[in-house]
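Sequence lines set the chain letters: A, B, ... in the order given, protein chains first and strands last, and positions in each chain run from 1.
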Amino acid sequence: MRCTYSCGSAEHVLSRRSFLGGAAALLGGAVAGASGFSPIALADSLEKKRKQILVVYLAGGSSQLETWDPKPKTDTGGPFGAIETSVPGIMISELLPRTAKLMHLMALVRGVNTHAAAVDDHGKGDYLMHTGRAQAPGQEYPRLGAVASKFLGKESDALPGYIHIAPGHGGLGRNESAFLGPRHAPLYLGNGQAPANTLRDPAIGDSADQSRQAFRRMLNDRFAKRRRSAETEAYTSTYEQAAKLMRERDVFDISKEHAADRFRYGDFDFGRHCLLARRLLEAGSTYVQCVHSNYDTHNENFAFHLEQVGEFDQGFSALLEDLHVRGRLEHTLVIVMSEFGRTPHINLYQGRDHWCKAWSIALAGCGIKKGIALGKTNARGTEVVDHEVSGGSLFHTYLSAVGLDPAGGFEVDGRPIQIAEPTATAIKELLA
Amino acid sequence: MKPNRNPPTAVLIALASLWACSRVDAVEPAADAAKKTAATSKSQPAHLEAQSSDGVSSSSSLPLHERIDRLIERELEGKFALPATDGEFVRRVYLDLTGMIPSADEARDFIDDPSPYKRDRLVDRLLAAPTYARRMQIAFDVMLMERRDQQKVPADQWKTYLYQSFLENKPYDQLAKEILSADGSDPTNRGPSKFYLEREGDPYILTRDVGRLFLGRDMQCAQCHDHPLVDDYKQAHYHGLYAFFSRTYGVQPAGGGFMLGEKGEGEVTYKSVFKKKITHSTGPRVLDGAPPVEPTIAKGDEYWVAPANGIRAIPKHSRRASLPAALASDKNPAFARNAANRLWALFLGRGIVDPVDFDHSDNPPSHPELLDLLANEFAQSHYNIKALVREIMLTRTYQRSSEPPPNVSPAELGAARYAVANLRPLSAEQLAWSVMRAAGIVDAKRAEVERSLIGVDPRFRAIAELDSKRKALAERLIESETYRSLAGNEHPFVHFFSAGAGQSQDRLDPTVHQALFLSNGDPIRYWLGPSPSWLVGRASASTDPAATADLLYLALLSRRPTGEERAAIVASLAHRTADKPRAVQEIAWAIVASSEFRYNH
Amino acid sequence: MNTSFSVDPAKIAPVKEFAHSSPLTTCRFDPKGTYVFAGSQDRLLIRWNLESAAKTTFEAHESWVQAIAFAPDGRTVLSGGCDGKLIWWNATDEKPRPIRTIAAHRPWVRSIAVSPDGKLAATSGTDKLVKIWSIEDGKLVQEISGHAKDVYRVVFDPKGAFLFSADLKGLVKRWDAATWKHVGDLDAAKLYHYDQGQGVDFGGVRDLAISPDGALIACSGLIEASNPLGAVHTPAIVVLDGKTNKEKLLERPKEDIKGSMWSVRFHPDGFLLAGSGGGSGGLLFTFKPDQVNETYKFSLPNILYDVDLHPDGKRIASAHYDGKLRLSAFARVKT
């Protein structure tokens, strides 16, 4: 459990002098806001088009063999076949007929090896894929959603920067934003429902609400007039944000979408959640994560993947196509990932077990090359034989794709920390 | 929140003890004890010799609070805020010493009390009350556990341990030693073991958190090499501390709870990732202090109980057990320094070293002499927490207004200068209890608890008032039962107003979820309901709108409204006679949602 | 078939094993009882001569073979697979070649049944459909929809009056085998589970058997699926009344057994033979149709996926993950 440079020290990359220089330069201009954070380096943050991120997370570890890297007619390949896609030469599982037609928009990464950091453990894999770092005791780094909220989001946004749509209650741990604090913690939309406390007490009418808000503002003005306002401004602005969120509560309501779209996305949770993700992205959400559960198929892998991947194919392809047709894909990074893949070996329950050594993810959109499949596994899918990539390098790639500098950092209570794991670099072959 | 007509078992048991004890060995009135202990300081250890360039901090004939003020004001050239108004002060000191705002009556009585000594008296009264122990229990729980999940040790056992410790004003070194000695193996006293056990006995987590929380040094980055940015944090320091824990592991023996086991062998070696050829080794050592003497133990003779699967190994020499004495010691200046800094930060909103876990020479204290003074005095008082808290409360610095003085530039009022009181957002617990207090929930519950005690035996009150010791015990019973009944209401507030588990809980950004919760969430909506015994009901019952305004302001903001504010309320109630409770509720909500309520100012 | 002998439902002994190099998925005896056929993960239909052990492979499927059915004369065998294909073969050919190949379902054919008169084949698939084919010419006679989920099993009743189709949700539909009209539902939903936490459908009617007199319908599968993705569940049989369509009994192992009841057969003697595979390995059970717990339980050396009963009522075939086709046999008792 020793850390491998994961303390965030960038001395291996940057000289101590330049790092200190950067940190010192900060002290002069640092805003002593409630957060105590300031970006050290932020490339491209003033891009005209607002960059957004959509993550489709196939929880439990989806099988690369039943999705992006099929090996039909081998002892490891399982019963499903491979089909042609819109990109000649790239074949994917027959379970993805609709997504296959959109392959020209996508990049497959077939050489993912996360074994060293994830060691076939759900928690470790999940952490690695969301933070780009190996989990180590006593350390927590913010997840991609929190980083996106911090660096791509705006204070004035009505919607929180990190939105997480999941089946059931939807709640995960409580550390997703780590030291970036609760402002960048995920808003959980359990089962696609609108967030808690967004409905006003029906007994309080509009005019009553206006008068109570006016009274609140009057109190605040008096308080702020006579005291330093930096601390309180952030607080009072959350009420304006809350009011906006309540006014725009419909953004969480997919019944406002056309019936035809609801049908096209699929009459099941994941389809509805994909449609909700479209609404949220169109409403300006910085980062939306849509979880599809569950792929941890130690038992009857094929029957379960038949059902799950079928749902994924319908919901995801509808969403990807819409983002494309509506011109959003060029500024929206799309990531389809899991905590790991599944073993090529088919176990005695016709299941597949946890597997980090040679699996796949899929990307599309902002900053990503189109219509490519990078990396290769051997004939039985047991090893990466070309373009092996790590969880850390993927995280760098995501940041680069949306114009953030992975070598940039932020300061946490006086401690400079690099956004992405310092020893890894972005995968250039994936970047447009 | 249904009224509880039958007294709970805990109350009956406690009541029995009140009956039984003809001679109650209650703690002596705490503030007196605090003053006494502070006065009888021990002889100074060598490193605690006060150093001073201008004699301020060595002028020990002056009370400590005066010496503190002089060190602060020396830097301010007269540019600092006026003393807080009585309203500001009473609210602040109640929040800091009881964990919630005062009731309307308490605020009014204090404001209207003409005595020039009323502030000192209030501080002493609150320090002597069981609510002080409760407040410190909550603050230290959050500080030491950082909202970690409750998996290994029930929260009640740990909280009760902390509460009792602060009730008896246990010296801080003793508290630290108990916590750092507890391995969970004593089933009758698992409370203090929570610090180790919720961290699963993981040596790396313990190294980091003991460094942060007991030494004020986050040395995580010195694990793989000397800290790249902090000259003071050496890899040797990290691994010296780590060596106390490297043999420790968590184990759940059959039929027992989770506890710590320890191996009797295994040395700590490390090398810098920059100089991989040289391997260092270290035994346990706290920073640059003397390493604890280790007995020579023959190979093969290391154990009382040897390690095995599901067995808690017990070595003949426990390295971990040698930590408390080495760490919580006068010989380790970082120990008192960290505690003094953290207590200061708790009440002033900013550490003299800030962040409080990043004490090193490139991040110097804002007031080095002050930090030395506080640390020295704290150690000399035998780590008397209550005495130090009392001195802080009595400073002009603590009692300054949060309103800046006119014509002083903001730069001269930086948070680290203590020229003006720092705004401090209420903690999740302070917020929950303050809303409940203002709404009348706490006092209604208290009255109900008292009634249920009297209901059990009408002689209760007479017995309880027989002498001061019994009275103190009765007060503790009532407070404990009131707390127990209402503490569950903290949960939604903790959910919305805390950082993630294991994260620092200081300086949290406000979030939209908090505003939504306070605006539309069930608890506030319910507590501001028109029940006749609660605030909105009582305020609506008054026929005089000005009295309604006064009650709302005193209950929620611990002050009377300004003329302007009173007029605004009178005017808005004038055309709401038909739905007065609702109108009052709207005003009450607006106050709860205001910055003035949200902050300890 | 010699029906003057009955068997002892409480005594099974191993007989022999036939080996293959890839996991087996299904097995059937041919109607004459000369061969046993199996499907495999390496895309083969395999035939073993029960006497000589001669092994012949039928190669044409492009994926796992998981359904086998015979015309009553034993000459034609149909196989279905995860490639969605339904293939006609001559069962006894030395060098078998497909006689006819039809893309029947997408993506998988789940099961095949042949009508007692040998004229029709019914198939079911993961496309939620049931299809009726003419065995003679391979023409699609009827397509039947109505299931909301995978259709695991199709079975004709012994008289050929009805077709039963059973699905993942535990719904059994009864169709008139002349008009293909829906004539009723039977409820074996006890065998279905939706796991809220995992978001998965699981279980269903894995096999269905009808008593010789048509009075009872046994549906096999699993219950108590506390962890579908982790294979924690109990094999079980729901026995339904063929007249009232109501459940009569839920049968389950006496002891704590983990697995799924992949197969169930009515023995001519009137008891049930069932095969379970899962966490507790491969097991054969015999149940009386009116008793909750088994009469007898027999452990096989490896997890199994299908079981069939020889026309002699004595021999039992089981298809195993380790690639073995195992033959076991009931002890006979004189009547």
* Asked: Do you know which two heavy atoms are closest between C:Gln41 and A:Ile346, and how far apart they sit?
  -> OE1-CD1, 4.0 Å

* Identified side chain to side chain contact (heavy atoms under 4.5 Å, CB included) partner of A:Leu348 from the options C:Ile303, C:Asp322, C:Asn302 ->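 Exactly one pass, corresponding to C:Ile303.
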
So which of [options] has the biggest tally of heavy-atom pairs under 4.5 Å with chain A?
options	result
C:Thr25, C:Leu168, C:Thr126, C:Asp201	C:Asp201
C:Gly259, C:Gly279, C:Ser260, C:Gly84	C:Gly279
C:Arg206, C:Lys149, C:Gln196	C:Arg206
C:Ser21, C:Pro23, C:Gly230, C:Ser63	C:Ser63

* Toward chain C, the part of A:Tyr349 with a non-hydrogen atom under 4.5 Å -> both

* To do: Examine whether an atom of A:Gln350 lies under 4.5 Å from a heavy atom of chain C, and if so say whether it belongs to the side chain, the backbone or both; otherwise answer neither.
  =>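 Answer is both: backbone and side chain atoms of A:Gln350 are under 4.5 Å from chain C.
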
* Pull out the residues in residues 221-228 of chain C that come under 4.5 Å of chain A, heavy atom to heavy atom, sorted by number. =>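 Expected list: C:Pro228.
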
* If the plane angle is over 60° it's perpendicular, under 30° parallel, otherwise tilted; pick one for C:Tyr321 and A:His345. =>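 Taking A:His345 first and then C:Tyr321, their aromatic rings stand perpendicular (interplane angle over 60°).
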
* Contact class of C:His61 relative to chain A, heavy atoms under 4.5 angstrom -> neither

* For C:Glu62, is it the side chain, the backbone, both, or neither that has a heavy atom closer than 4.5 Å to a heavy atom of chain A? ->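 It is both, since atoms from each part get that close.
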
* Asked: Given side chains that start at C-beta, do those of C:Gln198 and A:Phe304 come closer than 4.5 Å, heavy atoms only?
  -> no

* To do: Would you please indicate if the ring centroids of C:Trp108 and A:Phe80 are separated by under 6.0 Å?
  =>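 Yes, the ring centres sit under 6.0 Å apart.
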
